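Input: a single structure, listed below in structure tokens.
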Amino acid sequence: MRTERTQQTRGVEQARTRDGFASSIGAFAATLGSAVGLGNIWKFPYLTGSNGGGAFVLVYLGSVFLVGLPILVAEHLIGRKTRLNAIHAYGSIVPKAKYWSLIGWAGFLSAIFIMAFYTDVSGWVFAYIFKAIAVAFTGGVLNVETFASLAGGTWEPLLWQFLVLCLTTTIIASGVSRGIERVTKTLMPILLVLLILCDIRALTLPGAFAGVTYLFKPDFSKLTGGAILTALGLSFFKLSLGMGTMTTYGSYMPESTKIVPNATRVALADTVVSLLAGLAIFPAVFAFGESPAGGPGLLFNIMPLIFSKMPLGSLFTVIFFILSAIATMGAMLSLVEVPVSWMVEKGKMKRPVAAYLTGAMMFALGILATLSQGATLGNVKIIGKNFFDLFDFLSSNVLLPIGGFAIAILTGWLLKKQAIVNELEKGYGDGKKPGYIQLVYIFIKYVSPVVIFVIILNGFGIV
Ligand code: PHE
């Protein structure tokens, strides 16, 4: 009883002193900033390429809108209702059932697993900025060997990973979320324009149409249970779901933000960016006679190739990787924020200490992920996967779907329906209550958990 009251008091005090997004536009930009990242320009294309194309894309789209979107709404509403970091939010949302904080703890773990490989890839993106600049001056090329030697190296990728982590944790340490928000808000549109430029270039290459067909024409014979689970995991990874990121961001949202329309816009915008990335990469892959199943190196091998065929190509390559690097920052900041917000709000740690400690944990696992791409640890396999793939698998295919399932059950079955409706009706003028809230509720309560459950069983070969 006493702890409950103390917790409530703490919640109220924090709501007063807590930082938050200043406006609904800011909330939208930050949420989209967390969603858009390597998932769109790196993971979506390479997973689509390795899982047979169109059918995978269709399952992915289905899982974004039928499963991901309702859970995005659920996370935002739990965050805003409690105004706490993810671990405390899930620990206090159901009275006398603190064990739900396990969702927050699993999120803590996922954040570290994801960052272990995310910072490796982000390091490649940063390295490519400088490689592209060098090529612009010396007139060389960025080819398959360039990527293989970077990813498979030892000190070079580790150094980049370390720098990426230093940058991210320093920004988090200084707490300049406003600055970052503003930067991403300005640069996102430029990323979009550049992507469209790449699309135009790629789509006008001779033989490009095979790539469009590959992306949009489903061939269901290529779909396995594992691929469906991967598509579900990708939709969670894409929308930063199932691990408390969007709960934390929900806790920073102003009361005036209409949660359902905001989440819908984020899901739509994020999906458009992924499809645009696919439309830049696959037509070029087919036009140059490459294989779509190129794995994690797809982006790094194909993008410089596209640009090398256009005027001012090296300049565009540099700009493209700078913008990609910025896109990865928005996502990484939100990943680091999950453990940090808890450490800070627990009241025992200064923000910089929390940030650097989180960074150190991420780097420790990150070293394993990075070295597993080369000769040093390439042969170490756990359940048939190297560290990089293992961390990716554990987070995207295991922790995030299970986390999402738990969030849907908690919201749909344990919270009072009226409390949910009240939260979702905030931001509308009197008498203008939207009708679709009932529908969203049905999705959170029935559709999302059932679909996730079946896909998880199916992915592990149980049904
Ligand atoms: N959504 C980010 C991306 O697509 C990755 C991410 C996952 C960010 C989970 C936060 C939490 O790149």
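Counting starts at 1 for both ligands and their atoms, following the listed order. Worth knowing before you read on, the calculation uses all heavy atoms, side chains too, and leaves out hydrogens, waters and symmetry mates. This is a predicted model, so every value here is computed, not measured. Numbering of residues begins at 1 and proceeds along the displayed sequence.
- Ser63 and Ser235 share a side-chain donor-acceptor pair at under 3.5 Å.
- In this structure, the ring-ring contact (aromatic ring centres under 6.0 Å, His included) partners of Phe363, at least two apart in sequence or on a different chain, are Phe162.
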N/O pairs closer than 3.5 Å, ligand 1 and protein:
| from | atom 1 | to | atom 2 | distance (Å) |
| --- | --- | --- | --- | --- |
| ligand 1 | 1 (N) | Ser34 | O | 3.1 |
| ligand 1 | 1 (N) | Ala35 | O | 3.0 |
| ligand 1 | 1 (N) | Phe237 | O | 2.8 |
| ligand 1 | 1 (N) | Lys238 | O | 2.9 |
| ligand 1 | 1 (N) | Ser240 | OG | 3.1 |
| ligand 1 | 4 (O) | Ala35 | O | 2.9 |
| ligand 1 | 4 (O) | Gly39 | N | 3.3 |
| ligand 1 | 4 (O) | Lys238 | NZ | 2.5 |
| ligand 1 | 12 (O) | Leu38 | N | 3.1 |
| ligand 1 | 12 (O) | Gly39 | N | 2.9 |
| ligand 1 | 12 (O) | Tyr118 | OH | 2.5 |

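- Identified under the ring-ring contact (aromatic ring centres under 6.0 Å, His included) test for residues 55-74, with sequence neighbours left out: Phe44-Tyr60.
- Note: Trp124 and Trp42 have perpendicular aromatic rings, judged against thresholds of 30 and 60 degrees for the angle between ring planes.
- Shown here are the ring-ring contact (aromatic ring centres under 6.0 Å, His included) partners of Phe286, two or more places apart in sequence or in another chain: Tyr214.
- Remark: the Tyr249 side chain and the Ser34 side chain contain no N/O donor-acceptor pair separated by less than 3.5 Å.
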